[in-house]
Amino acid sequence: MRPQRPSSYQSPTYPFLLAGLFSVFGIETALSYAVAILINCLLALPAVLGIAAMTEEMGGRRSEPLVAASLFALWPTQVYSATHV
């Protein structure tokens, strides 16, 4: 029999955030999910803009900052399994 292993690797910060939101806005309510999505968007915005600014600063052509920021925004950054490869 195989030993049990975690099915997901992520920092404890986000689950604690969700637990706090559920305790304040209700367990699995539409409002708690809306607030979680809003927080994700507000935290992602400076990161996406920073990626675009860094790409432009490094001499990226006109479209490259947009491409780099888009790829960063679309990539699932909460997946930590790649760190164990």
Side-chain angles (χ1 to χ4, degrees):
M1 182 173 192
R2 284 181 68 185
Q4 294 296 324
R5 295 182 186 189
S7 60
S8 173
Y9 293 97
Q10 56 182 288
S11 67
T13 307
Y14 195 69
F16 286 140
L17 172 70
L18 289 180
L21 291 176
F22 286 163
S23 73
V24 171
F25 298 107
I27 297 173
E28 296 191 15
T29 63
L31 182 59
S32 63
Y33 284 119
V35 172
I37 291 171
L38 178 65
I39 290 171
N40 283 337
C41 291
L42 291 174
L43 292 175
L45 180 63
V48 169
L49 294 175
I51 292 291
M54 285 189 302
T55 305
E56 186 175 357
E57 183 68 26
M58 292 187 310
R61 286 175 264 153
R62 187 176 187 119
S63 63
E64 288 173 352
L66 178 62
V67 171
S70 298
L71 288 173
F72 179 79
L74 295 175
W75 192 257
T77 58
Q78 290 296 323
V79 179
Y80 287 103
S81 60
T83 62
H84 297 280
V85 174

Next on the checklist: Let's go through T55 and V67 carefully: what are the C-alpha distance in whole Å and the side-chain angles of both, what is the deciding distance for side chain to side chain contact (heavy atoms under 4.5 Å, CB included) to 0.1 Å, and is it a yes or a no?
Outcome noted: CA-CA 10 Å; T55 305; V67 171; over 6 Å; no

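Contact between A69 and A52 at its shortest, heavy atoms only, is CB-CB, 4.0 Å. Between G26 and S32, the shortest heavy-atom contact is O-OG, 3.3 Å.
Partners of E64 according to the side-chain hydrogen bond (donor to acceptor under 3.5 Å, both in side chains) rule, which considers only residues two or more places apart in sequence or in another chain, are R61.
For the atom pair CD1 (I39) and SG (C41), the distance works out to 10.5 Å, reported to the nearest 0.5 Å. For the atom pair CD1 of I51 and CG of L71, the computed distance is 10.0 Å after rounding to the nearest 0.5 Å. Note that CG of L38 and CG of L31 are 10.5 Å apart. Values are rounded to the nearest 0.5 Å.
In this structure, L43 is a member of the same hydrophobic cluster as L18, with clusters built from ILVMFWY side-chain heavy atoms closer than 4.5 Å. Both V48 and M54 belong to a single network of hydrophobic side chains, linked directly or stepwise wherever heavy atoms of I, L, V, M, F, W or Y lie under 4.5 Å apart.
In the hydrophobic clustering (ILVMFWY side chains linked at under 4.5 Å, chained through shared members), I27 is joined by F22, Y33.
Side-chain contact between Y14 and L17: present, with at least one pair of heavy atoms (C-beta onward) separated by less than 4.5 Å.
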